[in-house]
Number of protein chains: 2
Amino acid sequence: MLDEARDRLAANGARLTPVRQRTLEILLESHRAMGAYEVLDRLAAEGFGRQPPVAYRALEFLVEHGLAHRLQRLNAFAACLHPGHDHAPAFLICRECDMLAELPAAPVRDALTELAAESGFQVERATIEALGLCPACAGAARP
Amino acid sequence: MLDEARDRLAANGARLTPVRQRTLEILLESHRAMGAYEVLDRLAAEGFGRQPPVAYRALEFLVEHGLAHRLQRLNAFAACLHPGHDHAPAFLICRECDMLAELPAAPVRDALTELAAESGFQVERATIEALGLCPACAGAARP
DNA sequence: GTTTGACTTGTTATCATGTAACATGAATAA
DNA sequence: TTATTCATGTTACATGATAACAAGTCAAAC
Ligand SMILES: [Zn+2]
Ligand SMILES: [Zn+2]
Ligand SMILES: [Zn+2]
Ligand SMILES: [Zn+2]
């Protein structure tokens, strides 16, 4: 996964430096959305800088290159689970267990783009995030 | 508009007190999304409290009662343009002029709900916000 | 009419999130 | 090698949000 990321970055003339790689690893390891300051604590504990821009820059870099996503609802970031092809997914966030799912949102986006077009509005970037219950938590709640 | 709001609130046993009413008026007057601190400045200048909770409480109240919406992407609030029937709209935000449009998002939501259901996920609340160009700004840019 | 209890408004204090501006060091290109 | 760009680190600050408490308002219950 990391090698793949590194290759794709190299093709774009971008480098997966130590902070950036470690940031990506941290996001991947936790398998959930993390706040920038949570990431920063981890980085600082491992000898990287301990000031906010260190984390924000690495996270911003990963988002720019499609290796991570930013979740508006949570003020948080998460590693992209399907990097590679440019994509603009929808996110499902479980309110019970914080599980995060990343779904290909083409049909939703198409519906939104069409809706917007009816008002003459051109959609460039869309945020589609849902809060609810994941299968596991829904099963536990109402078995 | 205000009278209508007051009536609907009364039916719910809630009161449109002076701070709350003034907060709603401020949102309505500006016709755009406003940060909580911007609202707070206006309130303070008119003799209301000048501490953050004053604005946050009034805004939260308005959102709870469907008179305003919160915009995740902007960390901001805007008056609801179609209050009354419960609704969960999609928002279009112009990146040039900050114009905000509020669209009935039923088709988009349906697509999202269906998509989520395929993974067994139950959607409870969804955030659908698009950034792009409004008709006026799109026309100006590429005439 | 007074008392009670829920609600509203205000405060202080603090926390969380995010960025601007600048100095230094590493990598690349000329 | 030297110039240039990019990357990392810092300080300082801006913005966004909430917890905890005190005091005032209002309407129902007595
Ligand atoms: Zn992704
Ligand atoms: Zn769950
Ligand atoms: Zn609305
Ligand atoms: Zn515009």
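Among the nucleotides dT9(C), dG16(D), dG9(D), the one closest to the side chain of V19(B) is dT9(C). Checked against dA17(D), dT17(C), dT18(D), the side chain of P53(B) finds its nearest nucleotide in dT18(D).
By the 4.5 Å heavy-atom criterion applied to side chains, L71(B) and L100(B) are counted as neighbours. L2(B) places a side-chain heavy atom less than 4.5 Å from the side chain of R6(B).
Looking at residues two or more places apart in sequence or on another chain, you find a ring-ring contact (aromatic ring centres under 6.0 Å, His included) between F61(B) and H65(B). For R50(A), the side chain to side chain contact (heavy atoms under 4.5 Å, CB included) partners are A44(A), not counting sequence neighbours.
Atom P of nucleotide dG9(D) and atom CZ of R20(A) are separated by 11 Å, given to the nearest angstrom. Rounded to whole Å, the distance from CG on L71(A) to P on dA16(C) is 20 Å. Whole-Å rounding puts the L59(B) CG to dT9(C) P distance at 12 Å. Protein atom CZ of R22(B) is 19 Å distant from nucleotide atom C1' of dG10(C), rounded to whole Å. Counting to the nearest Å, the C1' atom of dC6(D) and the CD atom of E60(A) are 14 Å from each other. A straight line from CD of Q21(B) to C1' of dT8(C) spans 16 Å, rounded to a whole angstrom. Nucleotide dC15(C) holds its P atom 18 Å from the CG atom of N75(A), rounded to whole Å. The distance from atom OH of Y56(A) to atom P of dA14(D) is 17 Å, rounded to the nearest whole Å.
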Show every donor-acceptor pair shorter than 3.5 Å between a side-chain atom in residues 106-117 of chain B and any protein atom, with sequence neighbours excluded, or say none if there are none.
{"unit_1": "R109(B)", "atom_1": "NE", "unit_2": "A88(B)", "atom_2": "O", "d": "2.5"}
{"unit_1": "R109(B)", "atom_1": "NH1", "unit_2": "A126(B)", "atom_2": "O", "d": "3.4"}
{"unit_1": "R109(B)", "atom_1": "NH2", "unit_2": "A88(B)", "atom_2": "O", "d": "2.9"}
{"unit_1": "R109(B)", "atom_1": "NH2", "unit_2": "P89(B)", "atom_2": "O", "d": "3.0"}
{"unit_1": "T113(B)", "atom_1": "OG1", "unit_2": "R109(B)", "atom_2": "O", "d": "2.8"}

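In summary, the aromatic rings of H69(B) and H87(B) are positioned with their centroids under 6.0 Å apart.
The stretch residues 25-52 of chain A touches DNA chain C through Y37(A), P52(A), each having a heavy atom within less than 4.0 Å of the strand. Taking a 4.0 Å limit (strictly below) on heavy-atom distances, residues 90-102 of chain B does not reach DNA chain C anywhere.
Taking hydrophobic clusters as Ile, Leu, Val, Met, Phe, Trp and Tyr residues chained together by side-chain heavy-atom distances below 4.5 Å, L59(A) shares a cluster with V54(A). There is no path of hydrophobic side-chain contacts, each under 4.5 Å, that joins L103(B) to L81(B).
Salt bridge E4(A)/R8(A): present, at least one basic N to carboxylate O contact under 4.0 Å.
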Under 3.5 Å between N/O atoms: give me all the protein pairs with nucleotides 23-26 of chain C, atom names plus distance.
none

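A donor-acceptor contact under 3.5 Å is not formed by the side chain of R57(A) with the base of dG18(C).
What you find for G49(B) and L40(B) is that their closest heavy atoms are O-CD1, 3.7 Å.
Within a 6.0 Å radius of CZ in R125(B), no more than 12 heavy atoms belonging to other residues, nucleotides or ligands are found.
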